[in-house]
Amino acid sequence: MRIIVPIKQVPEIAEVKIDPETKTLIRAGVPSIVNPFDEFAVEEAIRIKEKFGGEVIVITMGPPQALDAIRKCLAMGADRALHLCDRPFAGADTWATAYTLAQAIKTLEPYDLIIAGKQAIDGDTAQVGPEIAEVLGIPQITYAIKVDISEDQKRIKVRRETDDGFEIVECKLPALITAIKGLNEPRLPSLMAIMKARQKEVKTITAEELGGDSKQYGLPGSPTQVVEIFTPEARTGGIKIDGTEDPAGAAKQLIEWLLKKGIL
Amino acid sequence: MLKIDKDRCTGCKICTKVCPFGAMVIVDEKAEATEACTLCGACVKTCPENAISIERRRVDPSKFKEYKGVWVIAEQIGGQLRNVSLELLSKGRELADQLGEPLCVILLGHEVTGLTDTLAAHGADVIYVSDQKRLAQYTTDAYTDVISALILTEKPNVVLIGATANGRDLGPRIAARLRLGLTADCTGLSIDDKRQLVQTRPAFGGNIMASILSPYTRPQMATVRPNVFKPPEPNPSHKADVRTVDIKVNPAAVRTKILETIKTGAEGELKVEEAEMVVSCGRGIKAPENIPTVAELAKELNAALGGSRPIVDAGWMEHHQQVGQSGRTISPRLYIACGISGAIQHLVGVAGSAEIIIAINSDPEAPIFTISDFGIVGDLFRVVPELVKEIKRVKAQK
């Protein structure tokens with residue numbers, strides 16, 4: 001099976017802090033990581049490959065340093081990677097990102113399965129996966145928590161998380177699924193695997209090499225436009241009372257406070 | 001592309017200070033953008049010399065006049081409307097009135113015509129109904145086909161979808177098919193002086209907010225987070241023009257097959273992502289058999305019961321109950337954290353999304369207190385039962 005995994009390098013959100021004076025994000029020194037949901041996707045792809053054979057191809061669009069994220073996935077066990085890296089790709093919204101990635105995925109036909117992470121933790125949109133599926137004209141099953149490939153490798157059966165529980169959904173391959181937490185436990189690559197990953201093929205692709213409709217790439221290809229970015233008022237700790245001696249009294253104070261706020 | 005006019009740039013460094021991404025640097029006393037630039041435009045507005053510009057594509061807005069109406073895609077399951085659909089009707093009403101355009105609801109399903117009265121009472125002027133067996137359960141293909149075709153023929157100005165699991169499955173599929181802009185998970189919507197929909201959403205775990213326009217495409221599409229807007233007061237005398245949609249689902253075009261639907265949680269169990277109040281517990285609960293202590297509080301408040309990541313990872317609670325960055329997105333009015341010390345991933349997942357945060361923790365230095373509006377330092381096993389008692393007492397008085 002040929003399995004393609006689109007990934008994104010993201011800042012470790014937990015370490016992003018706000019400059020109290022300028023109210024902007026402090027990104028200096030914030031480590032970049034593989035989007036955690038994408039790690040579930042890579043892990044699942046490798047497990048399917050280990051069972052059925054074939055190859056796992058990682059694909060990303062991003063600046064030169066995104067190579068670190070690619071290497072991590074190769075160390076986990078992906079076989080090779082495409083890196084879409086060029087200034088014209090910059091400023092892409094979800095549509096332009098999905099369109100661009102889909103052009104690159106088309107060069108990898110015939111593929112059997114695309115596994116994406118549910119969403120990236122910096123943008124949180126969950127749009128790029130379904131948009132890729134639509135551009136490629138293949139079915140999608142989002143929020144996969146369990147995946148079964150049929151013995152003949154022609155069909156996929158997915159346990160999908162919904163707002164009310166789960167659905168078991170089946171479709172023919174090729175298809176695109178998105179991975180959520182709980183699908184698997186991503187492996188930690190061994191030192192040997194990290195060394196070996198350096199030898200694996202990473203193909204860098206520019207906008208010109210990619211071809212396609214270049215008007216759809218990057219900022220000019222993006223139908224949405226960010227017009228303002230602002231910082232919501234940061235929360236500061238409010239009232240704090242000691243309830244160690246008199247829990248009943250503390251409970252009373254809290255309920256009174258909630259009543260006054262109109263919450264209860 | 002970000003363009004910097006080097007002749008105009010005075011190297012004043014203001015852009016380096018306003019850039020939310022730290023992407024502006026001064027090289028040889030002139031501003032330059034690094035790879036971190038996302039073209040958000042913060043620097044363009046603040047440059048005192050007007051030296052920075054962004055090249056964007058242009059489009060003739062005169063053709064946008066054909067697009068009229070604010071649409072809400074109703075979501076129902078088994079003939080029950082989801083709350084978010086009604087919430088969207090109140091915001092939709094406001095936007096439609098501002099634009100002077102009708103508020104329309106798109107209702108897909110099977111044997112759902114009974115819902116039209118409710119939708120009309122909640123403000124819908126026009127209801128497009130597609131009632132067919134093949135729409136009984138949500139499938140990406142069938143719903144995308146019908147709604148995309150309807151958008152192409154009816155040309156709405158705005159399309160709003162609830163940011164539920166299925167809403168976020170459907171929205172991007174329609175947007176990509178019609179090559180439309182789509183803003184995910186909005187928490188704010190308004191109309192600007194050019195009659196454009198301003199879509200505001202959190203990003204970077206709620207650390208920043210972004211306002212987004214779709215200046216080049218119509219309809220303007222957004223998915224909207226549940227619990228952000230209040231449902232309108234129903235007015236039973238408000239009537240809607242109910243129109244039957246004549247678009248048949250082609251069975252061959254539906255490529256996925258739902259083999260089984262499994263409901264989790266007890267009947268009527270509140271979901272953390274939908275609930276107005278969420279009571280959540282962390283490692284302070286010590287053992288799974290202690291969860292009922294906190295569950296009792298949730299029950300008394302009619303709140304959903306959630307848990308922090310360690311609790312879910314330990315298997316003491318279900319995945320769908322996890323609150324925080326890698327869990328479900330919540331937006332309650334009240335969040336009560338019991339025995340959650342507040343790992344940073346929990347704080348970023350909660351701080352930007354809950355209106356009021358209450359923390360109960362035995363450690364006075366627990367990070368959760370840095371974001372709580374009201375904190376009680378104390379043993380949750382002693383404080384929580386007292387809270388339950390006190391709520392019961394207040395209820396009895398009412």
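Residue numbers start from 1 in every chain, and the chains themselves are labelled A, B, ... in the order their sequence lines are given, proteins ahead of strands.
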A:Ile241 vs B:Val377, side-chain contact (heavy atoms from CB on, under 4.5 Å): CA-CA, chis, key distance, verdict = CA-CA 6 Å; A:Ile241 60 170; B:Val377 180; over 6 Å; no
message = With a 4.5 angstrom heavy-atom cut-off, is it the side chain or the backbone of A:Pro64 that approaches chain B, or both, or neither?
response = side chain
ask   = Checking A:Asp163 side chain against B:Ala165 main chain: does a donor-acceptor pair fall under 3.5 Å?
value = yes
key: Atom group of B:Ile368 that falls short of 4.5 Å from chain A, counting heavy atoms   = neither
Chain A interface, residue from B:Ile356, B:Val383, B:Ile258 that has the most non-hydrogen pairs under 4.5 Å = B:Ile258
task = Determine, stepwise, if the pair B:Tyr216 / A:Gln225 fulfils side-chain contact (heavy atoms from CB on, under 4.5 Å).
result = CA-CA 9 Å; B:Tyr216 318 112; A:Gln225 183 181 320; 2.9 Å; yes
ask   = Given a strict heavy-atom distance threshold of 4.5 Å, which part of B:Val394 is in contact with chain A: side chain, backbone, both, or neither?
value = side chain
Residue selection (most heavy-atom pairs with chain B, distance under 4.5 Å) from A:Gln253, A:Glu167, A:Gln127 = A:Gln127
remark   = Counting heavy-atom pairs under 4.5 angstrom with chain A, the leader among B:Asp185, B:Asn166, B:Asp379 is B:Asn166
ask   = Based on non-hydrogen pairs under 4.5 Å, which of A:Phe37, A:Phe166, A:Tyr99 is most in contact with chain B?
value = A:Phe166
ask   = Is chain B contacted by the side chain of A:Ala133, its backbone, both, or neither, given a heavy-atom distance below 4.5 Å?
value = both
Most contacts with chain A, counted as non-hydrogen pairs under 4.5 angstrom, among B:Arg328, B:His319, B:Arg382, B:Arg168 = B:Arg168
remark   = Rounding to 0.5 Å, atoms NZ (A:Lys157) and CG (B:Leu259) come to a distance of 6.5 Å
request  = Measure B:Lys257 against the heavy atoms of chain A and call it side chain, backbone, both or neither at under 4.5 Å.
outcome  = both
key: From CH2 (A:Trp95) to CG (B:Leu178), nearest 0.5 Å   = 10.0 Å
ask   = With only heavy atoms counted, which part of A:Glu256 is less than 4.5 Å from chain B, the side chain, the backbone, both or neither?
value = neither
Among B:Glu386, B:Arg255, B:Glu390, B:Arg333, residue most engaged with chain A (heavy-atom pairs, under 4.5 Å) = B:Arg255
inquiry  = Using heavy-atom distances under 4.5 Å, tell me whether A:Ile180 contacts chain B through its side chain, its backbone, both, or neither.
reply    = neither
ask   = chain A heavy atoms under 4.5 Å from B:Gln220: which part of the residue, side chain, backbone, both or neither?
value = neither
request  = Below 4.5 Å from any heavy atom of chain B, which atoms of A:Ile138 appear? Answer side chain, backbone, both or neither.
outcome  = backbone
ask   = At a heavy-atom separation under 4.5 Å, does B:Gln322 approach chain A through its side chain, its backbone, both, or neither?
value = side chain
task = Could you give me the CA-CA distance, side-chain angles and deciding distance for B:Thr264 and A:Asp164, then say whether side-chain contact (heavy atoms from CB on, under 4.5 Å) is met?
result = CA-CA 6 Å; B:Thr264 49; A:Asp164 306 291; over 6 Å; no
query = B:Ser211, B:Gly181, B:Ala184: which one forms the most heavy-atom pairs within less than 4.5 Å of chain A?
reply = B:Ser211
query = Yes or no on side-chain contact (heavy atoms from CB on, under 4.5 Å) for A:Ile141 and B:Thr140, after CA distance, side-chain angles and deciding distance?
reply = CA-CA 8 Å; A:Ile141 305 174; B:Thr140 313; over 6 Å; no
remark   = Most heavy-atom pairs under 4.5 Å with chain A, out of B:Ile344, B:Ile262, B:Thr370, B:Val254, belong to B:Ile262
